[in-house]
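None of these values were measured; they are calculated from a predicted model. Lettering follows sequence order; numbering is per chain, from 1.
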Amino acid sequence: MKWSKAFIPTLKEDPKEAETPSHRLLLRAGFVRQHQSGVYIFLPLGWRSMLKVMQIIREEMDAIGAQEMMLPALTSAKLWEESGRWEAFGDDMFRLKDRKDHDMALAPTHEEVMTDLARVYLRSYRDLPQIWYQMQTKFRDEPRPRAGILRVREFIMKDSYSFDATWEGLDHSYELHRKAYKKIFDRCGLKYTIVKASSGLMGGSQSEEFMVVAPSGEDRLAICEECGYSANVEVAQAEASAPPESPFKKREKVYTPDVRSVEEVSAFLNVSPALIVKSLLYTDGEKWILVMIRGDHEVNDAKLAKALGPDVRMASPDEVMDRFGMPVGFVGPIGIEVDEIIADKALKGMKGAVVGANEEEHHIVGVDIENDVKIDRFEDIRTVVEGDRCPNCGAPLKVVNAIEIGHIFKLGTKYSESMGAYFTDKDGSRKPIIMGSYGIGVGRILAVAVETYHDENGISWPITIAPYEIDIIEIDPRKTADVTEKLYSGLLNAGVDTIWDDREATAGFKFKDADLIGYPLRLVVSPRKVKEGVVELQFRRDGSRTDIPIDSAVEKIAEIVSEMREKASR
RNA sequence: CGGGGCGUAGCGCAGUUUGGUUAGCGCGCUUGGUUCGGGACCAAGAGGUCGGUGGUUCGAAUCCACUCGCCCCGACCA
C-alpha cells in the first residue's frame, strides 16, 4: 500500500474522551473511531489487524477440527424463552419487534441458536462429537461501556461450541480448546494467565478465563508469584492473614456516638479494621440471616449465594429498622434474634473483636467470636484480598487488574436439557448432548496488545497482528523513487506486508506517524545512504537500527520478518 | 441507576462567573513559494445552526427551564 493513497487519519493531539492507553492510541493512530457510546468503527488499519487476529484464530480452530459457520445475529425470542435467558439477560439484551409484532433479540451469545441446530441434526452418538464455531458480531447493552474497545455494546466474538456424547468427550473438547487458545494468544504475542473463573450467566460446571494483566482491566486476579497459582477473585479461595493483636482483653460495651462504618469505628477506637466485625443482615423474605465478616474484608456475593441459596439478598436499612429497631451501623451478633448466624472462615478463633451492640450508639469490644457468639456455621464467603495466603504454597497473594480475552466453559447439559437436544446412545438410550462453549473477544486482543506494548510515542505491535509489518520511510521521495519502488515491489513479492510512506512530508513527520501507529519495522530510504549503497532498517520495539546493502535488502528483511513472526508465536 | 465532568470550525481549546456591535487561538485544510533524518517556514485564503428546543431581554455562546449526546468513578456485568 502506498501511504499517499491510504485512509489513515492519525491525530496529532490526544482525543479528550480517551484516558486508557489502548483507547487513546487506537483513536490517535487511526485504528478506530467512535460511532456512539460503546460502538466503534474499525478503520482500515484497525480492520487489517482484526483480520490478522481472526485468521490466526481460524487457523488454530480449524487445526482442532472445528468447523466455521455463520449464525444469525437477529434471533427469535422463542429460543431464549426455552433456555430461560429471555428473562435472565434482562436489560443487557437488545430487544426489538418485527412488523408482525414478534419479539426478537440481537444475540449477545449463541448457545441457544447452536443448541437449536444441534437438536435437529445431532441425533445419534455416531453424529458426535462436533465442534462448531463462528466469528460474529455480538450485541450486549452494557450498563457502562468504557475504555474504547475494551467494553463495548457491539463487538466481534469468536464463539465455539462442542457437542459430545460423554463427559470424557467434553473433557477432551475442552482440552483441545484450551490448547488452541494458548496457541492463538501466543501467536498474537500476548502474555496471559489462565485462571479459574466463575461461570455466571452461562452456567455449567467449570470454567477458566484467559487474562492479560493490565492496570486498566476490570477483572481482579489473585496471583501467587511463588508457585504460579492464579484465580479470579470472584472464585479465589485463600486463608486470610491474621489480624493484629487486639488491645481489648475484656468484653465490654462502649459508647460510640455517631460511629457506624468500619472506618469510623476504626478511627474512633484506634483499632485496625481487621479487628472489627461487620454484621450484615440478609433475608429471603421469610428467614433472617446474620452474616459476619471481618471489617477489612468484603462479602463475595457468588460465594454467599452458594452458602445461602440464590434467593437471599441483603436487607435494606429500612427493613432492618422495621424488624430490629436500630440503624444498620450498630447491628451485632450478640443477643440478636435471627434464624441463622453464619460467619466467614477468617473469623474462626478471633479474640478481642469489635462488634455492634444491637443498641444505638454502642459497640462491644473484646469479643471472643467462637465463645461469645452462637455461630451456626463458618463458610468461605469473602473476596480474597492482597496479602492472603496462597492456597497452594502459603506465600502472600497479590491482587492485580486484568482484562479477559478468552473464556472456556464446560456447560454440561444445561442447554441440551432445557432445549431438548438429545441423542440416542449405542445402547439405544436417550441422553442429553454434553456441551461446552468457548469465547474469544477479537477486539480485546487488539486492546490488550496496545495496553501491553506501548510507550510515550505510540504503539509497538507484535508483528503477527500489526496492520503492516514494515513501513518504508522515504526521506525525500523525489530523489529515491526508483530505488524505493524496487524495494517495495521486492518486499511485496517476498510476502512481506508492506506500506510505503510516499507522502510529501518531512522525515520527522513520517517518523512520528510510524512511531504512533507502531509498525514493528521501518525501512528508511535516504538519498545520503542510497549513495552509499545501503538502506537503514529500524526496529520499533527496541529502537535499534542497522544498515543493510540495497542489493540484499529484500532477502535479508524477508528473513528477519519470518524470524519475528516465529518469535511472536514462541 | 447514583456521583462528577464536558458539549464553541475537521481536531485540541479560550471566551460563559459579570449578557453588548464582526465569536477567537493553535493544529489541520486550500493556493503559491522555499525547505527535506524526528510532527518545517513565509504569504494569501476557506471553514461556525456556539449540542437541541423553548423562554427572559432592546440585545443571549453567556441568564432560566426542559432536553439530547459523550467521558470518568461507582453499582452492574459472561
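Distance noted for atom C1' between B:U34 and B:G51: 43 Å (whole Å). Using atom P as the reference point in both B:A14 and B:G74, the two lie 26 Å apart (nearest Å). With C1' as the reference atom, B:U30 and B:C73 are 44 Å apart, rounded to whole Å. For the C1' atoms, the distance from B:G15 to B:G48 is 15 Å, rounded to whole Å. B:C66 sits 26 Å from B:A9 when the P atoms are compared, rounded to a whole Å. Rounded to the nearest Å, the gap between the C1' atom of B:G39 and that of B:U35 is 15 Å.
Take A:A466 and apply the side chain to side chain contact (heavy atoms under 4.5 Å, CB included) test, not counting sequence neighbours, and it matches A:W461, A:P520. Residues meeting the side-chain hydrogen bond (donor to acceptor under 3.5 Å, both in side chains) test with A:Q130, sequence neighbours left out: A:Q67, A:W132. Taking A:L176 as the reference, A:I64, A:I131, A:H172 meet the side chain to side chain contact (heavy atoms under 4.5 Å, CB included) condition, with sequence neighbours excluded. By the salt bridge (charged side-chain N to carboxylate O under 4.0 Å, His left out) test, A:K138 is found to be paired with A:D159, residues two or more places apart in sequence or in another chain being considered. Listed by chain and number, the residues in a side-chain hydrogen bond (donor to acceptor under 3.5 Å, both in side chains) with A:K158 are A:S160, A:Y181 (sequence neighbours excluded). Under the salt bridge (charged side-chain N to carboxylate O under 4.0 Å, His left out) criterion, A:D471 pairs with no residue at all, not counting sequence neighbours. The salt bridge (charged side-chain N to carboxylate O under 4.0 Å, His left out) test applied to A:E298 returns A:K278, not counting sequence neighbours. Scanning for side-chain hydrogen bond (donor to acceptor under 3.5 Å, both in side chains) contacts around A:S216 gives A:E451, with sequence neighbours left out.
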Sugar-phosphate atoms are those with a prime plus P, OP1 and OP2; base atoms are the rest. Using that split, label each nucleotide of nucleotides 44-50 of chain B B, S or - for protein heavy atoms under 4.0 Å, 5' to 3'. -------
Where along nucleotides 5-11 of chain B does protein come under 4.0 Å, by heavy atom, of base (B) or sugar-phosphate alone (S), with - for untouched nucleotides? -SS---B
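Searching all strands for a Watson-Crick or G-U wobble partner of B:G32 with both distances below 3.5 Å returns B:C42. Across all strands shown, B:C13 forms a Watson-Crick or G-U wobble pair, both distances under 3.5 Å, with B:G24. Using Watson-Crick or G-U wobble geometry with both donor-acceptor distances under 3.5 Å, B:A65 finds its partner in B:U53.
A:Y133 has its side chain within reach of A:R58: a pair of non-hydrogen atoms, C-beta onward, lies under 4.5 Å apart.
Nucleic acid contact class of A:Q36 (heavy atoms, under 4.0 Å, all strands): sugar-phosphate only. Across all strands shown, A:R522 has heavy atoms under 4.0 Å from base atoms, whether or not it also approaches the sugar-phosphate. A:D513 comes within 4.0 angstrom of a nucleotide base, judged by non-hydrogen atoms across all strands.
A heavy-atom distance below 4.0 Å to RNA chain B is reached by these residues of residues 146-154 of chain A, ordered by number: A:R146, A:A147, A:R151.
For A:R85 and A:W80, the positive end is not near the middle of the six-membered ring at less than 6.0 Å and at most 45° from its axis.
Contact annotation: A:S37 does not reach the phosphate of B:G69 (side-chain N/O to OP1 or OP2, under 4.0 Å).
When the P atom of B:C72 is taken as reference, atom CD of A:E142 falls 13 Å away, rounded to whole Å. Atom pair A:R28:CZ and B:G12:C1' shows a separation of 11 Å (rounding to whole Å applied). A:D92 has its CG atom 13 Å from the C1' atom of B:C1, to the nearest Å.
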Please produce a list of atom pairs where a protein N or O lies less than 3.5 Å from an N or O of nucleotides 30-37 of chain B.
unit_1: B:C36; atom_1: N4; unit_2: A:R478; atom_2: NE; d: 3.4
unit_1: B:C36; atom_1: N4; unit_2: A:R478; atom_2: NH1; d: 2.7
unit_1: B:C36; atom_1: N4; unit_2: A:R478; atom_2: NH2; d: 2.7
unit_1: B:G37; atom_1: O6; unit_2: A:S526; atom_2: OG; d: 2.6
unit_1: B:G37; atom_1: N2; unit_2: A:E536; atom_2: OE2; d: 2.9
unit_1: B:G37; atom_1: N2; unit_2: A:Q538; atom_2: NE2; d: 3.2
unit_1: B:G37; atom_1: N2; unit_2: A:R545; atom_2: NH1; d: 3.4

